[in-house]
Enquirer: 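The structure is given below, and queries will be raised subsequently.
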Amino acid sequence: MVDKVTVIAFFFEPTFGGASTRSTEIVRMLKKITREVVVITTFPQYPSGKIEDPKYRGITDDICIERDDAATIIRIRLPPLPFRGLLTRFFLFSIFGLKVILNLGKIGQYVKGSNVIYSHTPQVVSMYLGWFLSKLFGADHITDIQDLLSLELRDWNRRGILARIFALMALLGERLALKLVKRASTATISLKIATKKIFGKNNKNEVVWIPTPVALEHFQERDKYEARDYVINKLKLVPKEFMDKKIIVYTGFFGIYQGLTDLVKVIARIRDKLDNTCFILMGDGETKRKVMSLIKKLKLDDVIYVGKKVPRELVPWIISMADMCLLPLKGRTSKLLALPTKFYEYVACSRPILAVSSGDVRAIIEKFKVGLVMDSIQELEKRAEELERLLSNDKVLEEYCRRAKVLARWLFLENNIITRFFRILNKKGYIRLENLSRYQKRSTYTHQAPSDIYQSQALFQIYLLALRPVQPSRPLPAIRWDSTRLS
């Protein structure tokens with residue numbers, strides 16, 4: 001068993017968002033296979049820059065130490081700046097890294113003795129910081145790749161010479177950081193393939209895909225009307241007239257890559273075609289105010305924004321009340337490489353998905369038949385009648401739910417995820433194979449998927465993608481199946 005792992009995660013609970021959820025759930029898994037986990041993170045200031053959580057509001061120290069079961073959490077205070085724009089984000093990320101280095105006298109006593117430094121977020125800064133700490137404390141260095149800045153630069157609107165210079169610096173910084181990486185985990189198969197391509201054919205760096213774990217004790221299948229009764233009558237988050245309507249739910253981050261402002265405009269144009277259908281949007285982020293003002297301006301009574309802060313353990317109840325769940329993505333690279341945390345949460349709750357995406361998301365939805373997928377948000381306007389027919393067909397929706405349940409059991413089989421952690425941590429003999437078998441004997445979570453969906457090699461064809469950029473309207477060319485890409 002690994003004695004100690006230090007995780008660098010700028011975004012961590014109770015901060016909202018997919019990056020925070022992934023880091024939090026991975027730490028939860030690491031607790032099961034390590035003796036101690038140390039997390040270096042920030043106070044929950046994202047995205048407003050203010051500390052709104054009452055648990056941390058009264059703390060005046062720049063560094064706060066929390067102790068959890070088998071975990072020590074080190075929180076670092078940042079300047080109270082909202083996360084708007086690339087330059088502000090880069091400044092806050094740099095301050096985070098600088099404060100960690102300047103306070104090594106206090107932080108080092110908790111990091112000392114770590115076998116592994118595990119870099120999570122922010123992507124580039126945590127890579128450099130993790131490499132530095134690994135050299136300083138004689139630990140091994142692993143990084144978790146949730147996106148590739150060099151590919152996302154293509155989606156940026158680079159106007160002006162300063163923006164182009166900044167983009168070039170970011171690209172060079174990431175490429176140099178990746179040269180320091182020897183082992184990496186990725187959030188998607190697409191990122192694994194893309195990362196291996198950046199490393200080169202002759203590079204022996206190990207890259208392992210680790211799906212985002214989900215707390216299945218909270219995110220699980222629930223009766224739709226039982227969930228509606230709880231959310232409407234007990235939590236009082238949604239009007240009572242929504243009880244018998246068709247409900248489409250979005251829970252997640254409100255950012256530029258989600259395209260929610262465009263989505264609201266499309267909803268305004270198609271609401272006459274969607275009979276007895278309403279939309280519920282819940283989350284936070286930089287575009288939240290724009291979305292709220294747009295809903296008010298267009299007088300969309302059938303679109304509700306849930307502004308009340310909801311504890312994470314109650315989010316599954318809101319997802320479970322939906323007939324379908326929204327998963328919009330905007331930007332060519334985001335559509336190809338992203339597999340957002342909310343996708344895992346929707347599937348864990350056995351809900352059909354209405355997605356705007358390509359790459360992994362499109363392949364999984366189409367292969368497992370767990371929803372409807374489109375190339376762009378504007379396409380939703382053209383296919384509004386098709387969506388209306390789907391929402392009116394309860395038998396098809398029930399079948400989507402059944403297939404989502406099967407997919408969830410495969411994605412979140414705890415033994416599979418733990419095995420991947422053992423593989424990436426077992427490079428220098430930190431873990432013995434008998435520890436893995438001992439863990440598997442303790443685990444009681446097993447599932448046998450129906451043969452009509454769980455089909456040999458065809459199952460793994462869901463991860464087809466083209467590494468080169470393609471137009472959304474073009475189909476993704478098939479890649480010959482290779483079992484080594486999934487190991």
Enquirer: Is the shortest side-chain heavy-atom distance between I319 and C325 below 4.5 Å?
Expert: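 A side-chain contact under 4.5 Å exists here.
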Enquirer: Check for me whether R77 meets the cation-pi criterion with F43, that is, NZ or CZ under 6.0 Å from the six-membered ring centre and within 45 degrees of the ring axis.
Expert: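 Positive - R77 is close enough to the ring of F43 and near enough to its axis.
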Enquirer: Does a side-chain heavy-atom distance below 4.5 Å link L178 with I145?
Expert: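 Touching, per the 4.5 Å side-chain cut-off.
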Enquirer: Quick one: closest heavy-atom pair of T195 and L191, and the distance?
Expert: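 The pair with the smallest heavy-atom distance is OG1-O, 2.6 Å.
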Enquirer: Please test I65 against I73 for side-chain contact (heavy atoms from CB on, under 4.5 Å), starting from the C-alpha separation and ending with a verdict.
Expert: CA-CA 6 Å; I65 310 296; I73 303 173; over 6 Å; no
Enquirer: Using a 3.5 Å distance criterion without hydrogens, assess whether the side chain of T42 forms a donor-acceptor pair with backbone atoms of R75.
Expert: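 No, T42 side chain to R75 backbone: no donor-acceptor pair under 3.5 Å.
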Enquirer: I need the L281 CG to L260 CG distance, nearest 0.5 Å.
Expert: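 Here the rounded value is 6.5 Å.
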Enquirer: Could you check whether any side-chain heavy atom of T143 comes within less than 4.5 Å of a side-chain heavy atom of L180, counting everything from C-beta outward?
Expert: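 SC-SC contact between T143 and L180 ruled out.
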Enquirer: Can a donor-acceptor pair be found, under 3.5 Å and without considering hydrogens, that links the side chain of Q258 to the backbone of G255?
Expert: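 Present.
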Enquirer: Rounded to the nearest 0.5 Å, how far does OG1 of T287 lie from NZ of K290?
Expert: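 OG1 of T287 is found 7.5 Å from NZ of K290.
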Enquirer: Counting only heavy atoms not in K369 (residues, nucleotides, ligands), do more than 12 fall under 6.0 Å from its NZ?
Expert: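 Counting neighbours around NZ of K369, 12 or fewer heavy atoms of other residues, nucleotides or ligands fall under 6.0 Å, so no.
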Enquirer: For D375, is there an ion pair with R362 - N to carboxylate O distance below 4.0 angstrom?
Expert: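 Salt bridge between R362 and D375, a charged N being under 4.0 Å from a carboxylate O: yes.
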Enquirer: Decide yes or no for T186 and V208: does some side-chain heavy atom of the first lie under 4.5 Å from some side-chain heavy atom of the second?
Expert: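 No, too far: nothing below the 4.5 Å cut-off.
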Enquirer: Let me see the working for E174 and K179 under salt bridge (charged side-chain N to carboxylate O under 4.0 Å, His left out), right down to the final yes or no.
Expert: CA-CA 9 Å; E174 183 191 60; K179 288 185 179 295; over 6 Å; no
Enquirer: With a 3.5 Å distance limit and no angle check, can you tell me whether T15 reaches the backbone of F12 through a side-chain donor-acceptor pair?
Expert: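 Here the side-chain-to-backbone pair exists.
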Enquirer: Take D262 and V264 through the test side-chain contact (heavy atoms from CB on, under 4.5 Å) and record every step on the way to the result.
Expert: CA-CA 6 Å; D262 294 337; V264 171; over 6 Å; no
Enquirer: Got a donor-acceptor contact below 3.5 angstrom from the T121 side chain to the F10 backbone?
Expert: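 Side chain of T121 to backbone of F10, a donor-acceptor pair under 3.5 Å: yes, one is there.
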Enquirer: How close do V356 and I377 get, heavy atom to heavy atom, and via which atoms?
Expert: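 Result for this residue pair: CG1-N, 3.6 Å.
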Enquirer: For the pair K55 and E66, find out whether any cationic side-chain nitrogen is under 4.0 Å from an anionic carboxylate oxygen.
Expert: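 Yes, charged N to carboxylate O under 4.0 Å.
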Enquirer: Measuring from L263:CG to L380:CG, what's the distance to the nearest 0.5 Å?
Expert: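 One finds 6.5 Å between CG of L263 and CG of L380.
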Enquirer: Can you give me every donor-acceptor pair (side chain of residues 125-135, partner residue at least two apart or in another chain, under 3.5 Å) with its distance?
Expert:
{"residue": "S126", "atom": "OG", "partner": "P122", "partner atom": "O", "Å": "2.6"}
{"residue": "S126", "atom": "OG", "partner": "Q123", "partner atom": "O", "Å": "3.1"}
{"residue": "Y128", "atom": "OH", "partner": "G173", "partner atom": "O", "Å": "2.7"}
{"residue": "Y128", "atom": "OH", "partner": "A177", "partner atom": "N", "Å": "3.4"}
{"residue": "S134", "atom": "OG", "partner": "G130", "partner atom": "O", "Å": "3.3"}
{"residue": "S134", "atom": "OG", "partner": "W131", "partner atom": "O", "Å": "2.6"}

Enquirer: Is the shortest heavy-atom distance from the side chain of V7 to the side chain of L30 under 4.5 Å?
Expert: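 Sidechains of L30 and V7: in contact.
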Enquirer: Kindly state each residue pair satisfying salt bridge (charged side-chain N to carboxylate O under 4.0 Å, His left out) with at least one member in residues 12-27, sequence neighbours excluded.
Expert: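 Non-adjacent pairs meeting salt bridge (charged side-chain N to carboxylate O under 4.0 Å, His left out): R22-D144, E25-R28.
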Enquirer: Name all residues meeting the ring-ring contact (aromatic ring centres under 6.0 Å, His included) criterion together with Y46; count only those two or more places apart in sequence or in a different chain, and write none if there are none.
Expert: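 Checked Y46 against ring-ring contact (aromatic ring centres under 6.0 Å, His included); matches are F11, F83, F253.
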Enquirer: Check whether any side-chain heavy atom of L407 sits under 4.5 Å from a side-chain heavy atom of I364, and report yes or no.
Expert: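 Yes, side chains in contact.
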Enquirer: Got C64 and D61 here, is their nearest side-chain heavy-atom distance under 4.5 Å?
Expert: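 No - every pair of side-chain heavy atoms lies 4.5 Å or more apart.
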Enquirer: Is there a side-chain contact (heavy atoms from CB on, under 4.5 Å) between I63 and I74? Walk through the geometry before answering.
Expert: CA-CA 7 Å; I63 297 179; I74 305 171; 3.9 Å; yes
Enquirer: Sequence neighbours excluded, which residues qualify as ring-ring contact (aromatic ring centres under 6.0 Å, His included) partners of Y118?
Expert: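 With neighbours one apart ignored, the set is H120.
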Enquirer: Taking all atoms of both residues into account, what is the closest heavy-atom pair of D53 and P14, and its distance?
Expert: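 Minimum heavy-atom separation between D53 and P14: OD2-CG, 3.4 Å.
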Enquirer: Can you measure from CE (M374) to CD1 (I365) and round to the nearest 0.5 angstrom?
Expert: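 Atom-to-atom, M374:CE and I365:CD1 are 10.5 Å apart.
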Enquirer: Take Y250 and L327 through the side-chain contact (heavy atoms from CB on, under 4.5 Å) test and state the conclusion after the steps.
Expert: CA-CA 7 Å; Y250 173 82; L327 182 61; 5.8 Å; no
Enquirer: Between P80 and Q45, what is the shortest heavy-atom contact and its length?
Expert: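 Reported closest heavy-atom pair: CA-NE2, 4.2 Å.
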Enquirer: Which heavy-atom pair separates C349 from F219 by the least distance, and what is that distance?
Expert: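 Here C349 and F219 meet closest at SG-CD2, 3.9 Å.
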Enquirer: Are P211 and T188 close enough that some pair of their side-chain heavy atoms sits under 4.5 Å apart?
Expert: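 When only atoms from C-beta onward are counted, T188 and P211 do not touch, as no gap falls below 4.5 Å.
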Enquirer: For the rings on F254 and Y305, is their centre-to-centre separation under 6.0 Å?
Expert: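 That pair passes the under 6.0 Å test.
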Enquirer: With sequence neighbours excluded, give me every side chain to side chain donor-acceptor pair (under 3.5 Å) pair touching residues 94-110.
Expert: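 Residue pairs with at least one partner in residues 94-110: there are none.
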Enquirer: Identify, with sequence neighbours excluded, every residue that meets side-chain contact (heavy atoms from CB on, under 4.5 Å) alongside T6.
Expert: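 Only V38, I40, V111, S114, I117 meet the side-chain contact (heavy atoms from CB on, under 4.5 Å) criterion with T6.
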Enquirer: Looking at every heavy atom in both M324 and L372, which two are closest together, and how far apart are they?
Expert: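 Closest heavy-atom pair between M324 and L372: CE-N, 4.2 Å.
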Enquirer: Between R312 and E345, is there a side-chain N and carboxylate O pair less than 4.0 Å apart?
Expert: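 Yes, charged N to carboxylate O under 4.0 Å.
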Enquirer: Once rounded to the nearest 0.5 Å, what's the spacing between atom CG of L329 and atom OG of S376?
Expert: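 Reported to 0.5 Å precision, the distance equals 12.5 Å.
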Enquirer: Enter the distance from T34:OG1 to K4:NZ here, rounded to the nearest 0.5 Å.
Expert: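 T34 atom OG1 to K4 atom NZ measures 11.0 Å (nearest 0.5 Å).
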